[in-house]
Amino acid sequence: MLRQHPPLTYPFEPNGLELDPRYAELREQPLVRIRMPYGDGAWLVTRYEDVRTVLGDPRFSLAAAMGEDQPRMRPVARTGAGLFSTEPPEHTRLRSLVAKEFSARRVEGLRVRAGQLADELLDGILAKGQPAELVEDFAIPMPTTIICEVLGIPAEDHRMLWRWAETVLSAVTPGEVLAVDGQAFIDYMAGVLELRGREPGPDLLTTLVRACREQRLISEEELLSIACDLLIAGFVSTTNQIGNFFHQLLVNPGESARLRERPEAIPKAVEELMRYVPLLTGFSLPRYATADVELGGVVIRAGEAVMIATAAANRDPEVFEEPERLVLDRPANPHIGFGHGVHYCIGAHLARLELQVAIERVLTRLPGLRLAVPERELRWKEDAMVNGLQALPITW
């Protein structure tokens with residue numbers, strides 16, 4: 001089967017939350033070759049069923065990417081021994097240590113605390129007066145505080161952690177800055193783990209330290225990797241999606257009014273926003289084929305890399321009726337915003353709860369919520385691996 005030449009330059013230029021029209025074109029043809037700024041070439045997968053296949057078929061391996069010249073957005077290749085770098089049975093062993101903490105039942109027990117925290121943050125916003133900044137004063141601290149409380153990380157360190165996360169997840173951070181800040185973050189997490197070893201508490205990091213040093217279920221390297229993975233994944237995506245979701249609600253005020261009147265509709269609305277809002281449009285973890293696999297009209301050879309475009313898959317008209325419309329009461333919504341297969345987002349229940357509570361409390365407490373500036377003045381993060389607003393000025 002013929003290979004395409006030359007490969008497409010990828011990722012496409014971002015435009016806020018708008019999907020590049022080329023994704024729709026690519027869904028109509030066989031898989032295409034892409035070239036990222038660094039690393040190997042790759043196949044780009046855009047159709048829903050093909051993306052699900054890559055996510056669910058063990059022949060496409062995240063672990064196989066370790067040690068390869070991975071296709072990527074910056075000079076430094078991904079390393080580690082945590083949840084995002086392993087496959088079963090190692091991944092199953094690691095995931096089993098933390099899965100209970102993020103089960104639907106355990107997470108539901110955090111709903112009261114999430115509501116309390118949201119109200120505290122909104123009290124502060126109301127006290128400061130109008131206009132307010134929803135990202136800085138609400139979207140960042142809410143999920144950051146919750147995951148830090150779950151893990152057992154001191155509250156006074158939250159702002160520092162966010163600064164490190166912004167650096168680590170930027171595609172344009174200079175190599176020397178990334179090395180310094182990345183190492184500072186790793187050293188910080190190692191210090192917290194040592195503290196939890198000396199001063200155990202009712203938190204997840206204490207559980208992991210015991211699993212490593214008492215039960216010998218994981219290595220020291222795995223302990224540190226899991227801790228770092230859980231922290232960064234535990235607040236960065238949700239923080240950006242809170243801002244992104246409210247952007248969509250503010251530019252569709254009729255939808256905000258309906259959710260305010262019918263809060264029971266918020267869970268379904270969150271699922272539609274997860275489908276519609278592209279959190280990642282140019283970044284995904286590369287997987288390498290461990291055998292020849294026929295997919296999307298081509299044969300992917302063993303040793304070749306594939307990249308998935310989840311945002312494009314979630315707009316596939318073969319699966320979603322009127323996929324380019326935001327339909328908050330969409331009756332069937334098998335989106336893959338949280339992934340699929342063995343690497344399905346372990347924090348999906350927590351993210352859903354935080355997003356539901358955030359929408360319900362903000363719409364209730366700020367009934368006249370609206371943008372404080374024209375939409376054209378909003379600024380999106382550039383060259384970041386996760387889509388999000390720099391700020392979201394609001395009034396009410």
Side-chain angles (χ1 to χ4, degrees), residues 8 10-12 14-34 42-60 62 104 237-238 240-241 244-245 247-249 252 255 259 265-287 289 293-300 306-349 351-352 355-356 386-387:
L8 291 176
Y10 195 76
F12 304 139
N15 182 25
L17 296 182
E18 293 296 321
L19 277 190
D20 191 296
R22 281 174 286 186
Y23 284 116
E25 298 170 7
L26 292 174
R27 283 196 303 262
E28 299 299 319
Q29 56 185 283
L31 301 190
V32 298
R33 295 287 291 174
I34 57 170
W43 293 100
L44 180 64
V45 185
T46 56
R47 287 194 289 268
Y48 180 91
E49 290 300 334
D50 291 342
V51 168
R52 276 177 58 94
T53 296
V54 171
L55 293 174
D57 191 323
R59 293 175 296 176
F60 295 105
L62 287 174
S237 295
T238 310
N240 283 285
Q241 286 293 58
N244 296 340
F245 284 14
H247 168 267
Q248 291 297 306
L249 294 175
N252 294 280
E255 302 290 3
L259 292 180
I266 289 175
K268 183 176 284 190
V270 165
E271 299 307 310
E272 173 66 353
L273 286 160
M274 281 296 304
R275 180 198 73 84
Y276 184 81
V277 172
L279 181 64
L280 308 171
T281 54
F283 167 73
S284 71
L285 299 178
R287 289 164 167 80
V293 184
E294 185 172 352
L295 181 74
V298 303
V299 174
I300 298 173
V306 295
M307 303 282 285
I308 62 169
T310 303
N314 276 335
R315 302 280 186 94
D316 192 334
E318 294 296 318
V319 179
F320 303 98
E321 186 176 351
E322 295 186 278
E324 300 300 328
R325 281 188 59 222
L326 179 67
V327 183
L328 295 187
D329 59 351
R330 187 176 292 273
N333 200 340
H335 70 81
I336 48 176
F338 290 114
H340 172 69
V342 297
H343 289 281
Y344 182 83
C345 177
I346 198 167
H349 294 306
R352 283 186 167 104
L355 292 164
Q356 292 168 12
V386 180
N387 286 335

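Excluded from the calculations below are hydrogen atoms, water molecules and symmetry mates; all remaining heavy atoms, backbone and side chain alike, are included. Remember, it's a predicted structure, so these values are computed and weren't measured experimentally.
Scored by the side-chain contact (heavy atoms from CB on, under 4.5 Å) test, P14 finds no partners at all (sequence neighbours excluded). The ring pair (Phe, Tyr, Trp, His ring centres under 6.0 Å) test applied to H340 returns no partner, not counting sequence neighbours. Evaluation of the side-chain contact (heavy atoms from CB on, under 4.5 Å) rule for D20 yields F12, R22, Y23 as partners, not counting sequence neighbours. Partners of E318 by side-chain hydrogen bond (donor to acceptor under 3.5 Å, both in side chains), not counting sequence neighbours: none found. In this structure, the side-chain hydrogen bond (donor to acceptor under 3.5 Å, both in side chains) partners of R275, at least two apart in sequence or on a different chain, are E272. In this view, Q248 satisfies the side-chain hydrogen bond (donor to acceptor under 3.5 Å, both in side chains) rule with no residue, not counting sequence neighbours. Residues that satisfy the side-chain contact (heavy atoms from CB on, under 4.5 Å) test with R352, not counting sequence neighbours, are E271, H335, F338, Y344, A348, Q356. In this structure, H349 has no ring pair (Phe, Tyr, Trp, His ring centres under 6.0 Å) partners at least two apart in sequence or on a different chain. Take S284 and apply the side-chain contact (heavy atoms from CB on, under 4.5 Å) test, not counting sequence neighbours, and it matches M307, I308. Qualifying side-chain hydrogen bond (donor to acceptor under 3.5 Å, both in side chains) partners for N252, counting only residues two or more places apart in sequence or in other chains: none. Not counting sequence neighbours, the partners of Y48 by the ring pair (Phe, Tyr, Trp, His ring centres under 6.0 Å) test are F320.
Between R52 and D57 the shortest side-chain heavy-atom distance does not fall below 4.5 Å. The shortest side-chain heavy-atom distance between N244 and L17 falls under the 4.5 Å cut-off. At least one side-chain heavy atom of L31 sits under 4.5 Å from a side-chain heavy atom of I300. Put simply, the side chain of T46 does not reach to within 4.5 Å of the side chain of V51, judged on heavy atoms. Contact annotation: the side chain of L44 approaches that of L26 to within less than 4.5 Å [non-hydrogen atoms, C-beta and beyond]. Residues D329 and V327 meet the side-chain proximity criterion, which asks for heavy atoms closer than 4.5 Å. The side-chain heavy atoms of V319 and R47, taken from C-beta on, include no pair separated by under 4.5 Å. Proximity of D50 to V54: side-chain heavy atoms (C-beta onward) are nowhere separated by under 4.5 Å.
Sorted by first then second residue, the side-chain hydrogen bond (donor to acceptor under 3.5 Å, both in side chains) pairs that include residues 306-317, not counting sequence neighbours, are R315-E324.
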query = Where do L328 and L259 land on the side chain to side chain contact (heavy atoms under 4.5 Å, CB included) test, with the steps shown first?
reply = CA-CA 9 Å; L328 295 187; L259 292 180; 3.9 Å; yes
message = Determine whether V32 and W43 satisfy the following criterion, side chain to side chain contact (heavy atoms under 4.5 Å, CB included), listing intermediate values before the conclusion.
response = CA-CA 6 Å; V32 298; W43 293 100; 5.8 Å; no
query = After noting the C-alpha distance and the side-chain angles of T53 and V293, does the key distance pass the side chain to side chain contact (heavy atoms under 4.5 Å, CB included) rule?
reply = CA-CA 10 Å; T53 296; V293 184; 5.6 Å; no
message = Working note: L8 + R33, criterion side chain to side chain contact (heavy atoms under 4.5 Å, CB included); need CA distance, chi angles, decisive distance, verdict.
response = CA-CA 6 Å; L8 291 176; R33 295 287 291 174; over 6 Å; no
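Here the closest heavy-atom approach between residue L19 and residue P278 is recorded as CD2-CB, 3.9 Å. Closest approach of Q241 and M274 over heavy atoms only: NE2-SD, 3.9 Å.
R27 contributes no side-chain N or O that, together with a main-chain N or O of V45, makes up a donor-acceptor pair within less than 3.5 Å.
A distance of 12.0 Å separates CG in N387 from CZ in F283, rounded to the nearest 0.5 Å.
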